[in-house]
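Shown next, in C-alpha cells, is the structure this report addresses.
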Amino acid sequence: MSDETNHITRLEEMLAHQAKTIEELSDQLAEQWKMVEQMRTKLDRLTERFLSLEEQSLDAPAITRPPHY
C-alpha cells in the first residue's frame, strides 16, 4: 500500500473510533438526564411533603408549661 492509502486508512479508523466514542457519550448523557429528572421529581415530592408537615406543625397548639410549674 502507498503512504496515501495508509494515511486514509488511519483517518478512517480514527473517524470510526471517534464516532463510537460520541455515541457512547450521548448514551451516557441521556442516562444521566433521566437520573436528573428522577431526582428532580423526588425533590419536588419531598418539598411538597416538607411544606405539608410544616403547615401541620403551625396548626399544632403552642407548647406551654404544665400547670404544676
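In this text, all values refer to a predicted model and were calculated from it rather than measured experimentally. What you see below is based on every heavy atom in this structure, not just the backbone, and it leaves out hydrogens, waters and symmetry mates.
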- Item | For Arg40, salt bridge (charged side-chain N to carboxylate O under 4.0 Å, His left out) partners two or more places apart | Glu37
- Message: Under the rule for salt bridge (charged side-chain N to carboxylate O under 4.0 Å, His left out), what residues qualify as partners of Lys42, not counting sequence neighbours?
- Response: none
- Side-chain hydrophobic cluster, 4.5 Å single linkage: members besides Leu51: Phe50
- Going by the side chain to side chain donor-acceptor pair (under 3.5 Å) test, which pairs reach into residues 44-54, not counting sequence neighbours? none
- Note on the structure: CG of Leu43 to CD of Gln38, rounded to nearest 0.5 Å, is 13.5 Å
- Item | Nearest-0.5 Å distance, CG of residue Asn6 to CG of residue Leu11 | 11.0 Å
- Any pair with a residue in residues 6-17 that passes salt bridge (charged side-chain N to carboxylate O under 4.0 Å, His left out), sequence neighbours left out, goes on the list, sorted by first then second residue, please. none
Donor-acceptor pairs under 3.5 angstrom involving side-chain atoms of residues 17-35: please list them, not counting sequence neighbours.
residue, atom, partner, partner atom, Å
Lys20, NZ, Glu24, OE2, 3.2
Thr21, OG1, His17, O, 3.0

